[in-house]
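As the structure is a prediction and not an experimental result, all values here were calculated from the model.
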Amino acid sequence: MSKAHFELYADAEGEYRWRLVHDNGNILADSGEGYASKQKAKQGIESLKRNAPEAAVVEK
């Protein structure tokens, strides 16, 4: 079972954003940008889920 969930919300400017929140309330990641529509924000979530399930850690 996942210990995190995505929250989808409208910001103060009326754009849609998402954030990935751990069960303890800590924000693990966020969209970093506002989307013009809720559908586009949902597509951003799906892109993250699809493209980074096992993303590598790169030290610089």
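Note that CG of Asn24 is 10.0 Å distant from NZ of Lys3, once rounded to the nearest 0.5 Å. A distance of 9.5 Å separates CD in Gln39 from CD in Glu46, rounded to the nearest 0.5 Å. From Asn26, atom CG reaches atom CZ of Arg19 across 12.5 Å, with rounding to the nearest 0.5 Å. From Ser31, atom OG reaches atom CG of Leu8 across 9.0 Å, with rounding to the nearest 0.5 Å.
In the hydrophobic cluster analysis, where Ile, Leu, Val, Met, Phe, Trp and Tyr join through side-chain heavy atoms closer than 4.5 angstrom, Tyr9 is grouped apart from Leu20.
Partners of Ala10 by side chain to side chain contact (heavy atoms under 4.5 Å, CB included), not counting sequence neighbours, listed by chain and number: Tyr16. Legend: residues meeting side-chain hydrogen bond (donor to acceptor under 3.5 Å, both in side chains) with Ser37, ordered by chain and number and at least two apart, are absent. Considering only residues two or more places apart in sequence or on other chains, Asp11 meets the side-chain hydrogen bond (donor to acceptor under 3.5 Å, both in side chains) condition with Arg17.
Residues Trp18 and Tyr35 have side chains in contact (heavy-atom distance under 4.5 Å, counting atoms from C-beta outward). The shortest distance between side-chain heavy atoms of Phe6 and Leu48 falls below 4.5 Å.
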